[in-house]
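First up is the structure itself, then whatever we jot down about it.
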Amino acid sequence: MNYWLVKSEPFKYSWDTFVSLGRDHWDGVRNFQARNNLMAMKENDLVLFYHSNEGKEVVGIAKVVREHYPDPTIQEGSWVVVDLVPEEKLPKTVSLATIKKDPRLSDIALIKQSRLSVMPIKKEEFDIILSLAYA
DNA sequence: GCCAACGTTGGC
DNA sequence: GCCAACGTTGGC
């Protein structure tokens with residue numbers, strides 16, 4: 001079991017949009033590193049859903065229900081998508097500021113590689129974020 | 001709205 | 001294959 005974090009601008013695609021759809025493919029990834037991360041996702045892996053730009057906070061947890069397959073929304077290129085379902089909404093969102101303040105999270109890719117849109121999260125980091133969400 | 005970080009493109 | 005120019009992302 002692995003853990004991940006994906007970013008979305010809520011203006012374009014928010015957690016609520018995702019919940020209303022119920023299940024969706026995660027498309028639009030056009031970065032090789034992010035694509036490699038998508039391709040490493042396995043069914044049942046858990047994914048933190050982060051709102052970038054507006055909000056700047058982790059809002060919910062999604063689950064991978066289908067491993068990577070070719071992006072159905074484009075003809076060209078070798079980009080891939082995965083299918084995700086909402087798993088649960090966090091009772092308390094965890095903001096970027098909170099994450100930055102926590103010394104245990106200083107190595108998190110969210111801070112280290114701020115422009116990456118799909119990134120792996122260590123189990124410890126995932127657990128810490130959840131503990132902050134349920135505090 | 002600015003700017004830093006960083007990925008991509010294209011000329012050489 | 002290097003590197004400058006350019007575009008995009010995302011925090012502030």
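So that the names make sense, note that chain A is the first sequence line, chain B the second, and so on, each numbered from 1. From a predicted model like this one, the values you see are computed outputs, not experimental measurements.
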Q | K63(A)/D83(A) salt bridge by N-O under 4.0 Å criterion | A | no
Q: Kindly check if the number of other-residue, nucleotide or ligand heavy atoms within 6.0 Å of CZ (F11(A)) is above 12?
A: no
**Q.** E67(A) side chain near V80(A) side chain, heavy-atom distance below 4.5 Å
**A.** no
Q. Chain A on DNA chain C: first and last contacting nucleotide, 5' to 3', under 4.0 Å to a heavy atom?
A. dG7(C) to dC12(C)
(Q) For K100(A), run the side chain to side chain contact (heavy atoms under 4.5 Å, CB included) check against L105(A), I108(A), I111(A), L110(A) and tell me which one passes. (A) I111(A)
What pairs of donor and acceptor atoms, side-chain ones from residues 123-132 of chain A against any protein atom, are under 3.5 angstrom apart with sequence neighbours left out?
| residue | atom | partner | partner atom | Å |
| --- | --- | --- | --- | --- |
| K123(A) | NZ | D127(A) | OD2 | 2.8 |
| E125(A) | OE1 | K122(A) | N | 3.0 |
| E125(A) | OE2 | K122(A) | NZ | 3.3 |
| S131(A) | OG | I128(A) | O | 2.7 |

Q | Residue pair S14(A) / D16(A), side-chain donor-acceptor N/O under 3.5 Å | A | no
**Q.** Heavy-atom closest pair, residues M1(A) and N44(A)
**A.** SD-O, 3.3 Å
Q: Taking the six-membered ring for Trp and the full ring for Phe, Tyr or His, determine whether the centres of Y50(A) and W15(A) are under 6.0 Å apart.
A: no
Q: Kindly state each residue pair satisfying salt bridge (Lys or Arg N to Asp or Glu O under 4.0 Å) with at least one member in residues 31-59 of chain A, sequence neighbours excluded.
A: none
Q: Specify the residues of residues 101-112 of chain A, ordered by number, for which at least one heavy atom lies under 4.0 angstrom from an atom of DNA chain C.
A: none
Q) Going by heavy atoms closer than 4.0 Å, what residues in residues 10-19 of chain A are next to DNA chain C? A) none
Q.
I want to check something: taking the side chain as every heavy atom from C-beta on, are V29(A) and V118(A) in contact at a cut-off of under 4.5 Å?
A. yes
**Q.** Residue-level proximity of residues 29-40 of chain A to DNA chain B when a heavy atom falls under 4.0 Å
**A.** N31(A), F32(A)
Q.
Minimum heavy-atom separation for P120(A) and A109(A), please, with both atom names.
A. O-CB, 4.2 Å
Q.
Are W4(A) and F49(A) an aromatic pair, judged by ring center distance below 6.0 Å?
A. no
